[in-house]
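Notes follow the structure.
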Amino acid sequence: MIKARLQEIVDRCFQEGVKREYWPQSADDYALETPKRQGQGDFSTNLALIAAGIKKKNPREMAAKLTGLLADYCDITDKIEIAGPGFVNFFIRDAVWQDVLPGICQQGESFGPPKIGAGKRVLVEFVSANPTGPLSVGHGRQAVLGDAIARLLEATGHEVTREYYYNDAGRQMRVLAGSLRARYLELSGIPCELPEDGYQGKYIYDIARELLDEQGDKLQGVDDLTPFQKKAEQAIFKDINGTLQRMGIHFDNYYNEHTLYDDGHIDDVVARLRDKGLVYEQDGAVWFKTSEFGLEKDRVIIKSTGEPTYRLPDIAYHREKFRRGFDWMVDIFGSDHIATVPDVMAGITALGLDASKVTVVLHQFVTLMRDGHQVKMSTRKATFVTLDDLLSEVGPDVVRFFFLMRKADSQLDFDLDLATQQSQENPVYYVQYGHARLTSIIRQAGERGIDVPGRDNTHVSLLDQPEEIALLRDMASYPELVKNAALDLAPHRVVFYLQELAAKFHSYYNKHRVISEEDLEMTKARLQLVRGIRIVLRNGLNLIGVDAPNSM
RNA sequence: GCGCCAGUAGCUCAGCUGGAUAGAGCAACGGACUUCUAAUCCGUAGGCCGGGGGUUCGAAUCCCUCCUGGCGCACCA
């Protein structure tokens, strides 16, 4: 908020400088940033360095021209100085930071990023696991990532639809049905081998048992896999949804790949590509000329058996997303799907659609560590820890927070021993504890009959300690941080921000007393600060779907 | 062999579009509870940012190259 104000001032001076021919318009890619080190001001701009680079002049001379202009326009600083190679550093007046506080208190829950996405419809597709088994820990990362991204986009005013895309037909499902049938027969006392590549997970037994309870031995002589497939799908989706619910994640829409066939979209996409001469037949299969789009080689979209490969429905599905009128489409995929992305993008482009409206977020794998060893996970084998298991061990808050502590690009080691046994040292609790403490202080004040100031600014000038200004500065940067995190689809930045804010507060708490009997005015000022920090912490936690407890 | 991602303190990781003297948490060591919650705080120590070239006023960040790890490179999804 303060930064935006200063940015406006600097922009105005820049334009004035262009008029006076201090520097050319082309120097407009300068930045206004927050320096890391103390003593370098609250903000800093490299305008002079950029301008000097273009005009081949001394940067410090340029900086002097800039400060000359700023003297006329800038009313929120104590001091503006030229430093280092030619940076111009801004020292914001304490009063400016202090004035931020009543605004935050007044806005409360709505304190956050600007609604830059207002009127924009975004589709966020994630999880999209086929109903062949319980959600894995890897799906968990994706679920958390997708939901957090959706929340970030909502916070910035986007109209978000969360969608789960799935396929309940095809080879995998047939193998699943065969596996269930085998277990069903086995439980009925009829020895039966699991089919080749069958699903070995014990959950198949659970479903078989249910089926046996419901149907008795009626299905023993049935060769048709349909009843088994139906039962498996229904039971597994129930399980998946139960897990998602425990995480507090809901979807607005479940999109069945099958509708793409029923509504003729698959055939239509092939026809359209054929019209454009981008499709040909070879070896009994239908190929898509992906090489026309800069890719290595062409790809099969319909196998010689007549069955489409996954690419074709993926392309058709994305065309449907466009037709449904979304302005932005975000896909969250595991890194094992990396190969599909260029093909789908080529398909979108081939159909005359704007591929830049699709953003794919690829997340790297989760490695589960137990007893210092990596746990290998496979949906088909029996050796896997499910997301549900994880939730039972550490709870949804820890799962969410941990999965968001790393950027999507990084592999993630989830140390079960650490997450379960040493949960006291969890960064999640660190932040939550901060919130509980803040709440407790306000409660104490209430018990002593002290009212906590809200929107009024009669006390804020008392908040002149360095720690207080630092806190206010961080709080003021929250809206911009969230805005950038949303646009970059990077929720981990919110997590890091919250840890830092909590740390500053804990430190402050240990150094300064908020409620003091001798000084009621100071008490009120600090209570207002406490209230403001609590709002920001609470809003931030809410943004990543983590609970903000009032006591711990 | 090719593509994508990663390589930053002993460990796990931040570092937004290139910016000034490189950041946090854990682990280690030494301290702080008659006080608004010690699930906390304070201090100490810890680094050729994988190696090597290049681009420029300036590189952990951009380009090239090599090394290491992960994921892919199907008429599986």
Side-chain angles (χ1 to χ4, degrees), chain A residues 29 31 33-37 39-40 44 46 49-50 52-53 56 58-59 83-87 89 128-130 132 167 170-172 197 257 282-287 295-297 299-311 313-314 334-342 362-365 367 405-413 415 418 422-430 432-434 436-445 447-448 480-481 484-485 487-488 490 492-493 495-496 499-500 502-503 505-516 523 526-527 530 551-552:
Chain A
D29 59 337
E33 52 203 7
T34 53
K36 285 165 199 150
R37 304 192 65 80
Q40 294 173 349
S44 164
N46 61 352
L49 292 160
I50 303 276
K56 302 288 174 205
N58 182 340
F87 289 102
N89 295 338
S128 293
N130 289 336
T132 56
N167 175 16
R171 203 186 74 88
Q172 301 284 355
D197 290 337
E257 181 184 317
Q282 190 184 305
D283 305 327
V286 179
W287 296 69
L295 300 184
E296 233 181 312
K297 54 182 202 173
R299 298 290 182 179
V300 170
I301 53 172
I302 300 177
K303 302 184 231 172
S304 52
T305 60
E307 253 182 317
T309 62
Y310 65 88
R311 289 183 195 91
D314 272 7
S335 61
D336 54 336
H337 282 61
I338 178 70
T340 79
V341 176
L362 286 165
H363 70 269
Q364 296 294 317
F365 272 24
T367 311
M405 279 199 310
R406 276 129 189 73
K407 60 182 175 191
D409 283 338
S410 291
Q411 275 170 249
L412 194 155
D413 280 348
D415 191 330
L418 201 80
Q422 300 187 358
S423 56
Q424 294 203 337
E425 272 145 20
N426 252 311
V428 194
Y429 298 133
Y430 182 83
Q432 289 184 321
Y433 183 56
R437 255 188 173 168
L438 288 157
T439 310
S440 171
I441 294 170
I442 292 168
R443 192 179 51 238
Q444 291 270 342
E447 283 165 9
R448 299 182 197 196
E480 203 205 351
L481 173 112
N484 289 333
L487 290 176
D488 295 339
H492 72 279
R493 285 192 214 147
V495 171
F496 280 90
Q499 291 187 95
E500 266 168 46
F505 164 64
H506 282 309
S507 176
Y508 175 68
Y509 176 91
N510 275 275
K511 185 165 179 182
H512 299 286
R513 215 180 143 74
V514 174
I515 298 173
S516 138
T523 298
R526 290 185 171 168
L527 278 172
V530 161
S551 65
M552 288 175 71

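We name chains A, B, ... by the order of the sequence lines, and we start the count at 1 in each one.
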Watson-Crick and G-U pairing of RNA chain B written in dot-bracket, each distance under 3.5 angstrom, with | for inter-strand partners: (((((((..((((.....[...)))).(((((.......))))).....(((((..]....))))))))))))....

With a 4.0 Å cut-off on heavy atoms, is [X] in touch with a base, just the backbone sugar-phosphate, or nothing at all?
X	value
A/A436	base
A/H363	nothing
A/T309	sugar-phosphate
A/S551	base
A/D283	base

Pairwise N/O distances under 3.5 Å, protein to nucleotides 18-20 of chain B:
unit_1, atom_1, unit_2, atom_2, d
B/G19, N7, A/N46, ND2, 3.1
B/A20, O2', A/Q40, NE2, 3.4
B/A20, N6, A/S44, OG, 2.8
B/A20, N6, A/N89, OD1, 2.7
B/A20, N1, A/N89, OD1, 3.4
B/A20, N1, A/N89, ND2, 3.1

Separation between the [atom1] atoms of [N] and [M], rounded to whole Å:
N	M	atom1	result
B/C29	B/G46	C1'	12 Å
B/A74	B/C13	C1'	36 Å
B/G51	B/A9	P	11 Å
B/A59	B/G15	C1'	13 Å
B/A77	B/U40	P	49 Å
B/C67	B/G25	C1'	30 Å
B/U56	B/G18	P	16 Å
B/A60	B/C48	C1'	13 Å

Figure out the [atom1]/[atom2] separation between [X] and [N], and round it to whole Å.
X	N	atom1	atom2	result
A/F496	B/G23	CZ	P	16 Å
A/L295	B/A74	CG	P	13 Å
A/N426	B/A39	CG	C1'	10 Å
A/E257	B/A77	CD	C1'	9 Å
A/Y429	B/G25	OH	C1'	17 Å
A/D336	B/A77	CG	C1'	9 Å
A/Q172	B/A77	CD	P	8 Å
A/M405	B/C11	CE	C1'	13 Å

Which heavy atom of [X] sits nearest to which heavy atom of [Y], and what is that distance?
X	Y	answer
A/P59	A/G86	CB-CA, 4.4 Å
A/M405	A/H492	C-CB, 4.5 Å
A/I301	A/R311	CG2-CB, 4.3 Å

Residues which pass side-chain contact (heavy atoms from CB on, under 4.5 Å) with [X], listed by chain and number, not counting sequence neighbours:
X	answer
A/L362	A/F333, A/I338, A/V360
A/P313	A/Y165, A/E257, A/L260, A/Y261, A/I266, A/P308
A/A83	A/N89
A/Q364	A/R141, A/S335, A/Q411

Kindly write out the residues that satisfy side-chain hydrogen bond (donor to acceptor under 3.5 Å, both in side chains) with A/T523, not counting sequence neighbours, or none if the list is empty. none

Excluding sequence neighbours, so at least two apart, what forms side-chain hydrogen bond (donor to acceptor under 3.5 Å, both in side chains) with A/R526? A/E468, A/Y508

Nearest 0.5 Å, please: how far is [atom2] in [Y] from [atom1] in [X]?
X	Y	atom1	atom2	value
A/N510	A/F505	CG	CZ	9.0 Å
A/I441	A/R443	CD1	CZ	10.0 Å
A/H337	A/D314	NE2	CG	8.0 Å

When the nearest nucleotide of RNA chain B is assigned to A/V514 and to A/F365 on a heavy-atom basis, which residue is associated with the more 5' position? A/V514

Ranking A/D413 and A/M552 by the position along RNA chain B of their nearest nucleotide, the one closer to 5' is A/D413

Taking C-beta and beyond as the side chain, do [X] and [Y] meet within less than 4.5 Å on heavy atoms?
X	Y	value
A/Y509	A/V514	no
A/I515	A/R448	yes
A/N46	A/F87	yes

Just compare B/C73, B/C75, B/C16 and give me whichever is closest to any side-chain atom of A/D488. B/C16

By salt bridge (charged side-chain N to carboxylate O under 4.0 Å, His left out), which residues pair with A/E307, not counting sequence neighbours? A/K303

By ring-ring contact (aromatic ring centres under 6.0 Å, His included), A/H506 pairs with (sequence neighbours left out) A/Y430, A/Y433

[X] side chain near [N] phosphate (N/O to OP1/OP2, under 4.0 Å):
X	N	value
A/H492	B/G15	yes
A/R299	B/C73	no
A/Y430	B/C41	yes
A/K297	B/C2	no
A/S507	B/U40	no

Could you check B/C33 for me: syn (within 90° of 0) or anti? syn

Under 3.5 Å, which protein N or O atoms sit close to an N or O of nucleotides 4-8 of chain B? Give each pair with its distance.
unit_1, atom_1, unit_2, atom_2, d
B/C5, O2', A/D409, O, 2.6

Give a yes or no on whether a donor-acceptor pair under 3.5 Å exists between the nucleobase atoms of B/C75, that is its base, and the side chain of A/S304. yes

Can you check nucleotides 31-35 of chain B for protein contacts, nitrogen or oxygen pairs under 3.5 Å, and list what you find?
none

